[in-house]
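For reference, the structure is listed below as C-alpha cells.
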Amino acid sequence: MTMNPSDPANFSRRAFLKGASVAAVGSRVGTEFSKGAELDKSSSILDKGSHPITLQVNGSKRELKIETRSTLLDALRDSLDLTGSKKVCDRGACGACTVLLDGEPVNSCMTLAFDAVDAEITTIEGLARGDELHPMQQAFVEEDALQCGFCTPGMVMSAVACSKRHGGSPSMDQIKNDMSGNICRCGTYPRVFKAIQAAGKEGGR
Amino acid sequence: MKNEHEMRVGFAGDNRKIKVDVPEGDLTPWDLDTKLESVGGRSDRIDAFAKVTGRAKYAYDINLPGMLHGIILRSPHPRGSVKSVDLSKTLDMPGVKAAVVMKQGERNRIRYVGDPVAAIAADTLDQARDALSAIVAEYEIEAHNVELLAAEGAPNLNENNISDPWPVPRPAARRRPADPDMELEVSEADVSAEGTWSMEVQTHSSLESHGNVVWYKKETDSAEIWASTQATFGARQALASALDIPQDRVTVRAEFVGGGFGSKFTPGEEGMACALLSKQANAPVKLMLDRFEEHTCTGNRPSAVIQIRAGAKKDGTVVAWDTRSFGGPGCNGRGGSTSHHTNYFDNAKHRRIHVDLATDTDASRAMRAPGRPQGVFAMEGMMDILAAKCGLDPLAFRLLNDNSELRKAEWQLGAEKFGWAEHYNASPGSGEDPRYLRGAGMASAFWGGMGGGKHRVTCRIHRDGSVESRNGAQDIGTGMKTLMAMLTAEELGISPEQIRVSMGNTNDPPGPASGGSTTTPSLSPAVRHAAGLAKQELGAKVAERLQVDANKIIWQNGHIGLQGGEMIPFQEACKLIGAEPIEATGIRQANYDGYQDNVCGCQFAAVRVDRETGLVLVEKMLGVQDCGLVINQKLAESQVIGAMIEGISYVLHEQRIMDPKQGRMLNGDFANYKIAGTLDMPEMEAIMYSVANGKNNVGAAGLGEPPSTAAPAAVANAVSNALGLPMRSMPITPDKVLAALHSKKK
C-alpha cells in the first residue's frame, strides 16, 4: 500500500484513513509485504523486534529503532521524545496526533512509522522558529483557542493545513469542514475558527 | 480580631454599600469602587505558549530513562469474582519487568466489565500488550444487569411516564421530608402538568486519559510522580499510601492536565497499579489508560429518569413542584444523578424524592455540575410546558417566577442580545420553510462556588525584579495560572507578563482539589494576600531608602515612592532586596457574609430541525453568566462557551450504549461515542455579568460548572419549541425527532 499524500488533488482525509488502515492490517498479518520491508535491501523479511529506520522530522534526520508495527505517533513520542503530538484515541478519530507529511495533515496514530520514512514530517515542535511563534500559533494564543491544551497541537497542525489549502482565507464552512477531524472536550471550537481567520494569509505558512 | 469595613457591592441593577468583617491581617477588599488595571482585562493565557508549541508536558508526555510501560488486565465479565490469576507465563515474556494481581483474597469481586484484575509493566507498550494475553485469569461468573430500568426497585415506564413503584428514599438520603399534602397541592392548582424525562450515561471523555508516571526510588525510599489529576495533594496522599512510604517522600507534579471534568479526583486503581509496579521494578513506570478504558473504567455522568408534577395559578405563579427520580450511578456510584435549582418555586410547595439504583456498570463520578444538567433538563422542560398551559411566553413565565433579581436582569439582557422575540416560534411545530422547523429555548443557571479552605500561596520578589506566585494545586485548563499572574500583577502594579506562576507541584503550598468550581474563588484571595504582604516588605525597604515612614509609601504606575515626591521604578526598587528574595505567604481567610452566596446565569438557544432527517442543528446560542469579579474576561468567556458546547454535545449526541447480554459498552471509542465537533457549532456568544459579591478580598466565584447546568435544557427546549412537542428523552437523536414528527402526523 503506497500513497502520495503530497498530491493534494488526490488527497482526502477519508482516503487517507482507508489507506492507513489497510497498511496497518497488512503489516500485522505479514510484515514482508509492508513498505517498511523494502528499506533493508539485504533482507526481504523483517522479523519481530526493533529495526533501525531514519525519519526526517522538522528538518533533521533522526535515527531510531522501532518495531514494524509501531505507529508514527509512538515513534515520535516514545523514541524521539517529541510529545507535542498527543495520543488520545489512537484510532484516527480525534485528530490530536495530527502532523504534516509532506505538508498534508495526517493522523500519526494511523500511519506506520515505516511508511513515513520517505516523507518530510512536520510536528508541532517544528512550527515555531525558536521562540518566535508561527502566525497560527500566535493567533491561537491571542484568541484563547485553547483551554486544557491537550487537543491544541493537533488543532494547530490541522489549522495550518486548512489555511494553506484555502490560500490563507478559508470560509467558515471550509474551516468547519477541514477541522472536523479534530475534537476538543473543553469546547474551544469557536475560538479556533476565529484564530484561523485571524491568522490570515500567514496562517498556512 | 476582625475589622469592620464598608464596601460597595452588587451589580448594575442593585449596587449598595454593606459592612463586612475583614479578618485581621487581610487586605482591604476590592469592591465596585476599586479601579483595577490588570484584573478584568483580556490578558492572554500565560501557559498558552507552552500549549501551542507542544512544549507543555502533561503526565502522558513524561519520558524517563529506563521507564517501563504499564497496562492493566480487565475483567471481560460484568459481575462475579476472580478465582485465580496466574502470572507465571507473563513474567517470562520479552521485556516484562513487573506484575501485580489486583483482585485476590476477599477483595476479588468483579463489579463491571473493566474491573482491574492484574497489571504488568514491560520495556515497551507493545511488549506489555503482548504479555497481557499470557495472563491466565479464572472467573466465577454471576448473572448481571446493566440497565437502569431493569434494576431492582426500578419503576415501570408507561407511555413515557414512570409509575409505581415510587422511590422510597433511605432516611439518610432524604433531603426533603416526604410531604403527604403534595399530591393535593398539585391536583388542586389551577393549571397542572406531569411528565417524565430520561437521560443516558455521559462519559467525561477528557482528552488526556487517566494515568500517572510513578518513579519509585529504592535507594531513598522516595517517589516522584507525574499525575493527570484534579487533586495533586489527594494524589500524593493516596499514592504514598499505595507505595507504603511517608507522604514527605512523595512529590506529585501536574503542571499541565488534559481535562478532568470531575473524573480525576483520585489516582484510582490505575494509580495504585502504577505505584505497585514501580516499586516492584524499582524503575519509573508510565501507566496511561487507553480510550476504551477511559470510556468504561473512569466514571461517568449517571443516567436518570425524572418525573415532575407541577401546578401553577392562572396568573402563572408556580404553586407546587413535585419531583420523583431514579438515578443510575453504576455499581457503587456517587456523583449525583439528578438535582435542580429551586429558583422558580422557592415559595411554592415543593418536594424532591430521589433514589439511586445499582447496576453492574462502572461507578459514576462527579461530572461538571454533578446531577444538575440532568435535573435542570427536566425542570426547564416542565417550565415551558406550564408556561404554555398558562398561556405565557417562556420568558415572561420565568420573569414572573424567578426569585433572583440578578437573574431577572440577566434574562432581560440575554433575551435582548439573543433576539428572543425573533427566534421563538410562537406557533410551535409549524413554519414556512418546507425543510426545516425552527424554534428557541432558554434555561437558567445556578451554582454556589464561593470557595474557602485554608489554602496558602507564596509570593517571591527577587532582586532582579522577577516575581513568582506559587501554589501546589493544579490548573486543569480553567486558567488559574493566568489569574494568579493577573492578581499578583494588580497588587504590585506591574504587568502580568512579569509574573512567573508555578502550579501543580506538591512541594509548593497546599491548594484545593479542582471541584465544585472552587479553585479560583478559593485561591484568588490567598494569591492577592501573598502579593500584598510581599508588597508591604518591598514598600518598607523603599521607605527606609527614602527615610520616610512606611505608611507614607504609595504605589503608582509601576513606581514606588512618595506622593508628589521621589518615585522609584519597581525594577529599581527590587535592587534594595538582597540575595534572599522577599517571600510572603498568603492565607485564604474565611469568607465574609458578603452580598451574595451563589452565581446565576441564563442561556438561550435557537435550533433548526430537519423534517426529513431528524437532525437538529443549533444555529445560535448565547449565555449570560456571572461569577463574582471577572478576573479575565477572555478566559471567562472561554469557560462559558465551552460549557455550552459540552451541553450541546450532551443533549444531542452523547450516550453510552451497553450490550445487555455481555454487559459491555458497545461504543467505547470516539468513532462511535459522538461528542460535538466543529460541524455542530452554532454562532456563540458569552456575556460575562460582573457582580461584586463582597465575599473576600477579591470576590471571585466559580465558573466551571454554573454554565453547564443550563445548556442541555436550553437546547432541548428549543427543539421542543421547533417541534411543538416536548422532547423529554436525551440525547435528542434523529430517530427520536423523526418519531416525534411521525406521532404528530397521526
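Every chain is numbered from 1, with letters handed out A, B, ... down the list of sequences. Any value given below was found using the heavy atoms of this structure, including those in side chains, with hydrogens, waters and symmetry copies removed.
For B:F292, no part lies near chain A; criterion is any non-hydrogen pair under 4.5 Å. For B:E683, no part lies near chain A; criterion is any non-hydrogen pair under 4.5 Å. Contacts of A:K194 with chain B are absent, with no heavy-atom separation under 4.5 Å from either backbone or side chain. In this structure, the portion of A:L133 lying under 4.5 Å from any heavy atom of chain B is its side chain and not its backbone. With a threshold of 4.5 angstrom between heavy atoms, A:C186 approaches chain B through its backbone and through its side chain. For a residue to count as touching a neighbouring chain, one of its non-hydrogen atoms must lie under 4.5 Å from one of that chain's; by this rule B:S43 does not touch chain A. Of the atoms belonging to B:M684, it is side-chain heavy atoms, and not backbone ones, that fall under 4.5 Å from chain A. Contacts between B:T53 and chain A at a heavy-atom distance below 4.5 Å involve backbone atoms as well as side-chain atoms. Contacts of A:D131 with chain B are made by both backbone and side-chain atoms, with heavy-atom separations under 4.5 Å. Heavy-atom distances place both the backbone and the side chain of B:L207 under 4.5 Å from chain A. Only the side chain of B:D130 comes within contact range of chain A, with heavy atoms under 4.5 Å apart. With a threshold of 4.5 angstrom between heavy atoms, B:A671 approaches chain A through its backbone and through its side chain. Residue contact with chain B, scored on non-hydrogen atoms closer than 4.5 Å, involves the backbone and the side chain of A:D144 alike.
Here B:L635 is the residue among B:I476, B:T478, B:L635 with the most heavy-atom pairs under 4.5 Å with chain A. Considering only heavy-atom pairs separated by less than 4.5 Å from chain A, the leading option among B:G677, B:A56, B:P94, B:G479 is B:G677. Contact tally against chain A (heavy-atom pairs below 4.5 Å) for B:M288, B:E294, B:E637: the top residue is B:E637. Counting heavy-atom pairs under 4.5 Å between each of B:R42, B:H69, B:M67, B:H204 and chain A puts B:H204 at the top.
A salt bridge links B:E654 with A:R185: the closest approach of a Lys/Arg side-chain nitrogen to an acidic carboxylate oxygen falls below 4.0 angstrom. A salt bridge is defined here as a Lys NZ or Arg NE, NH1 or NH2 lying under 4.0 Å from an Asp or Glu carboxylate O, and A:K87 with A:D78 fails to meet this definition. Look at A:R91 and B:D669 and you find no salt bridge, because none of the NZ, NE, NH1 or NH2 atoms lies under 4.0 Å from a carboxylate O. Under 4.0 Å is where a charged nitrogen must lie from a carboxylate oxygen, and between B:R129 and B:D126 at least one such pair does. Between A:D81 and B:K57 there is a salt bridge, with a side-chain nitrogen of the basic residue lying less than 4.0 Å from a carboxylate oxygen of the acidic one.
Judged by the 6.0 Å distance and 45° axis criteria, B:K51 is not positioned over the aromatic ring of A:F140. A cation-pi arrangement is present between A:R77 and B:Y60, with the terminal nitrogen or guanidinium carbon under 6.0 Å from the aromatic centre and inside a 45° cone about the axis.
Defined by atom type and a distance below 3.5 Å, a donor-acceptor pair is missing between the side-chain atoms of B:T229 and B:Q474. Side-chain N/O atoms of B:S209 and B:D290 include no donor and acceptor closer than 3.5 Å. For the residue pair B:S263/B:H210, the side-chain donor-acceptor check at 3.5 Å is satisfied.
Ring geometry for A:H51 versus A:F114: interplanar angle over 60°, hence perpendicular rather than tilted (30 to 60°).
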